[in-house]
*Asks:* 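This is the structure I want to talk about, given as structure tokens.
One-based numbering, in listed order, for ligands and for the atoms of each. This chain uses plain numbering: 1 for the first residue, then up along the sequence.
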Amino acid sequence: MANWETVVVNTDLLICGGGFSACGAATEAAYWAKKKGLKVTLVDKAALDRSGAVAMGLSAINQYVGIKDGENTAEDYIRYVRGDLMGISREDLVYNIARHVDSTVHLFEKWGLKIWKDEAGKYVHEGRWQLMINGESYKVIIAEAAKNAIAAAGGEIIERVFIVDPLMDGNKCVGAVGFSTRENKFYVFKAKAVIAGMGGAVHVFRPRSVGEGFGRSWYPPFNSGSSAYFTIKAGAEMTCQEVRFIPVRFKDAYGPVGAWFLLFKSRAVSATGGDYMVVRKAELENWKPYGLVKPIPANLRNYLGMLDTEQGLGPLYMETSEAIQNIAAQYKDDPKAFKKKMKELESEAWEDFLDMTISQAILWAAQNVKPEEKHSEIAACEPYFIGSHSGASGAWVSGPEDLPTPYKWGYTNMTTVNGLFAVGDGSGASSHKFSSGSHAEGRIAGKSAIKYIVEKGAEPKVDMAEVEKLKAKILLPLDLWDKHSKETTDVEVNTNYLLPRQFLHRLQKIMDEYAGGVISGFKTSKSLCERGLELMVLLKEDAAKMGARNHHELMRVWENNQRVYQAEAHIRSILFREETRWPGYYFRADKPKMDDANWKCFVNCQMDPKTGEWKMMKKDIWTMPGV
Ligand code: SFD
Ligand code: AMP
């Protein structure tokens, strides 16, 4: 076995991940931990300042309820999420986040985030729930607060350590193992409670950007399904694993569209100029009652555009120039004011990308796009797993203690595994929390985990013999490389190992062709899913044969292994749910209609970590009384 040092870290609370939810968890947990003399340790595979989905920054805060000013209520937010997710949401969790999220946003502002204000000093809204920000340094600001909180409580932040597996003591999570992506160090974290906040997953499906564009995706390439893998391997019940997210974005560089639709009131049209939201309005009747809610659910907005492209009406375009001209038109009688407004709008359009998707600005520049003069192509991206946005996949967590929810078995946000909490993209069925809601949920879980430690926390019992086995398994790819890489003239062609990139292509091909990726027009069926699962068995056999030439590739190997679990949970859940509920995200072509009578329920799944057997379950939907 590769001769790596084993580093043991003892802590009370272990936070896996360093993104928005983990920073929220760290900030809150450290506050309570300090009072109780407990230690909080946060571990991120990257550097906290620029890790996760918000690494590049964002141009908006997508969840702000505005309770203080009477703009909306938390109940309004429940109705919004219920509609957008076609009736499938954990209303207790959505409510819990909604009632706390505003205070999180106020903290962001206090920590230095610039939120746009109008002349009256009120926040500038992009849409009903969204606030415009100067967000290039959004992540740096939120990370700084988490760092300060942990430092003040005497905790520890460990960067560039990739968490792989949970450590278990029966049905209790007692820590995690991982490895440094820079040094020859294998880490063992022993903890009384663990929070999984390692984001969602990308590159499970073959992306549109392949070849020279590989690595570009809407969802950040560094989140590879670690939260899902970690909770599945711990034996936790998972939910909504079929609810992937497909955003529509500016094509090829994945620039955001929210500001265009909501702030600039832009239209999206087909190549022949028809506004698919108007032309295809009648289709929404087929998806009642959700097809008729406002705003129209994200998947149905996608679907109407997809119907255009399927009928040869693509490409689709965002009418940027029309939108800019419409806004500036109110100044048309004053040429100077008109010119000034046009300049202002033009710079807002570019800033939207520069704040969060710099590559889209580069692509516009490279293709001589002037948004004020000409429209710009948009397209549906490949599928992603991001339960915090408009998808819903994640672990099944316990609801808030003070609500009459039927989903309560322990501490708020604890999974069905004792001592293991999930947040952000890691917790399911609580969509539309976005950056601010993920942070708020992290705070809720951080406080709850400390409560668990105070009331139930026992010294973690870790079986070091088991840890040695995990170390050998995790470092095996380095051994395979050392042993066999000199056997062939081309190191990439070898019968004794395959490289992570090769494995990734195989996984993506299976998902793309059998589970409804881009190439299949997002359509799948029972037979396709079953065949996909057969191929997954063979793929998993080869997973143990991945080789790695260095630290970086070792990380790639484990990212792939983690993606496989996300992929399998996804196929199994699509197969189990015998209907099409989210056209525009995926289509069960053999069950093309929504079936509320049989399938207005959560689809949950659970893998037995000992046997690898999966159990599929239906769970009832609870709606908040009076909402
Ligand atoms: O509008 C390991 N999101 C947006 N939210 C907004 O509020 N406004 C926007 O403008 C947003 N836009 C947007 C958004 C997301 C993406 C991908 C894009 C654009 C392109 C959503 C939010 O970003 C999202 O909801 C939150 O970030 C979710 O928080 P969290 O904590 O669940 O995930 P994370 O922030 O990505 O952090 C993950 C962390 O885990 C680390 N990690 N650490 C150790 N071991 C491992 N094995 C690990 N694997 C991952 C990561 O390094 C990271 O620290 S809009 O355009 O849609
Ligand atoms: P996006 O850039 O698509 O992620 O959008 C940012 C925010 O605006 C998210 O909260 C979306 O759900 C919302 N959004 C985007 N487009 C629309 C639309 N056409 N109607 C309503 N909400 C939208």
Side-chain angles (χ1 to χ4, degrees), residues 15-25 42-48 50-64 80 84 101 105 126-133 135 138-139 142-143 158-165 176 178-179 181 196-202 217-220 222-227 229-230 245 247-250 254-263 265-268 277 294-298 301 352 355-357 381 384 386-390 394 422-427 431-439 441-442 555 558-559 562:
I15 301 174
C16 301
F20 258 65
S21 59
C23 284
L42 180 148
V43 184
D44 192 346
K45 78 188 266 198
L48 206 66
R50 290 278 177 193
S51 66
V54 193
M56 263 195 288
L58 294 177
S59 60
I61 290 174
N62 282 353
Q63 190 187 6
Y64 182 72
Y80 167 49
D84 204 80
V101 72
V105 173
E126 180 185 72
R128 180 171 176 189
W129 312 106
Q130 300 85 356
L131 303 179
M132 296 303 292
I133 57 172
Y138 193 11
K139 181 66 205 296
I142 271 57
I158 301 175
E159 296 180 326
R160 299 198 168 88
V161 167
F162 186 92
I163 297 285
V164 183
D165 278 294
F179 59 89
T181 58
M198 294 171 281
V202 63
S217 52
W218 172 75
Y219 195 63
F222 9 88
N223 285 352
S224 57
S226 301
S227 302
Y229 172 91
F230 195 89
F245 176 45
V248 162
R249 288 292 178 266
F250 283 94
Y254 304 86
V257 298
W260 283 100
F261 280 131
L262 301 180
L263 189 69
K265 311 272 182 285
S266 180
R267 297 185 313 140
M277 297 304 296
K294 290 278 174 281
I296 296 162
R301 301 199 299 268
D352 188 39
D355 266 352
M356 65 190 294
T357 316
C381 304
Y384 307 109
I386 172 166
S388 67
H389 202 290
S390 313
V423 287
D425 294 330
S427 79
S431 323
H432 289 279
K433 43 198 169 188
F434 301 102
S435 60
S436 44
S438 295
H439 193 278
E441 191 186 29
M555 180 181 74
W558 285 101
E559 287 176 344
Q562 298 191 332

*Asks:* Considering only non-hydrogen protein atoms, determine which one is nearest to atom 43 (N) of ligand 1 and report residue, atom name and distance to 0.1 Å.
*Replies:*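 Residue, atom and distance for the closest contact: K45 N, 3.1 Å.
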*Asks:* Please compare I142, V105, I163 and report which has the shortest non-hydrogen distance to atom 45 (N) of ligand 1.
*Replies:*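 It is I163 that holds the nearest heavy atom.
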*Asks:* So for ligand 1, is G19 a polar contact partner (N or O within less than 3.5 Å, distance only)?
*Replies:*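 In this structure, G19 places an N or O atom under 3.5 Å from an N or O of ligand 1.
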*Asks:* Among all protein non-hydrogen atoms, which one is nearest to atom 19 (N) of ligand 2, and what is the separation to 0.1 Å?
*Replies:*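 In this structure, atom 19 (N) of ligand 2 has R301 NE, 3.4 Å as its nearest protein heavy atom.
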*Asks:* For ligand 2, which is the ligand I care about here, please tell me if F434 has any N or O atom under 3.5 Å from one of the ligand's N or O atoms.
*Replies:* no
*Asks:* What atoms in ligand 2 come closer than 4.0 Å to a heavy atom of H389?
*Replies:*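 Close to H389: 4 (O).
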*Asks:* Under 6.0 Å between the ring centres of W558 and F162?
*Replies:* no
*Asks:* With a 4.0 Å cut-off on heavy atoms, is G197 touching ligand 1?
*Replies:* yes
*Asks:* Do any nitrogen or oxygen atoms of S436 come within less than 3.5 Å of a nitrogen or oxygen of ligand 1?
*Replies:* no
*Asks:* Counting only nitrogen or oxygen atoms and a 3.5 angstrom limit, does M356 reach ligand 1?
*Replies:* no
*Asks:* Any idea which of L42, V257, V202, D44 brings a heavy atom closest to atom 41 (C) of ligand 1?
*Replies:* D44
*Asks:* For V54, which part has a heavy atom under 4.0 Å from ligand 1: side chain, backbone, both, or neither?
*Replies:*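 Side chain only; the backbone of V54 stays clear of ligand 1.
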*Asks:* Do any N/O atoms on Q63 end up under 3.5 angstrom from N/O atoms on ligand 1?
*Replies:*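 Such a contact does not occur with ligand 1.
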*Asks:* Below the 3.5 angstrom mark, is there an N/O of S390, backbone or side chain, next to an N/O of ligand 2?
*Replies:*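 No.
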*Asks:* Any nitrogen or oxygen of D425 lying under 3.5 Å from a nitrogen or oxygen in ligand 1? Just yes or no.
*Replies:*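 Checking ligand 1 against D425, an N or O pair does fall under 3.5 Å apart.
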*Asks:* At under 4.0 Å between heavy atoms, is it the side chain or the backbone of A53 that contacts ligand 1, or both, or neither?
*Replies:* both
*Asks:* What distance separates F179 CZ from I163 CD1, expressed to the nearest 0.5 Å?
*Replies:*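 The CD1 atom of I163 is 10.0 Å from CZ of F179, to the nearest 0.5 Å.
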*Asks:* Select the closest option to atom 35 (O) of ligand 1 among F179, F20, W558, judged by heavy-atom distance.
*Replies:*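 Checking each option, the heavy atom nearest atom 35 (O) of ligand 1 is found in F20.
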*Asks:* Give the contacting part of W218 toward ligand 1: side chain, backbone, both or neither, where contact means a heavy-atom distance below 4.0 Å.
*Replies:* both
*Asks:* Between A60 and ligand 1, does any nitrogen or oxygen pair lie at a separation below 3.5 Å?
*Replies:*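 Between A60 and ligand 1, an N or O pair is found under 3.5 Å apart.
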*Asks:* Quick one: does V161 get within less than 4.0 Å of ligand 1, heavy atoms only?
*Replies:* yes
*Asks:* May I ask you to identify the nearest protein heavy atom to atom 24 (C) of ligand 1, giving residue, atom name and distance to one decimal place in Å?
*Replies:* S388 OG, 3.4 Å
*Asks:* For ligand 1, is there an atom lying under 4.0 Å from some heavy atom of M132?
*Replies:*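 Contact absent.
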*Asks:* For ligand 2, which atoms have a heavy atom of Y80 less than 4.0 angstrom away?
*Replies:* 12 (O)
*Asks:* Is R249 in polar range of ligand 2, meaning some N or O pair under 3.5 Å apart?
*Replies:* yes
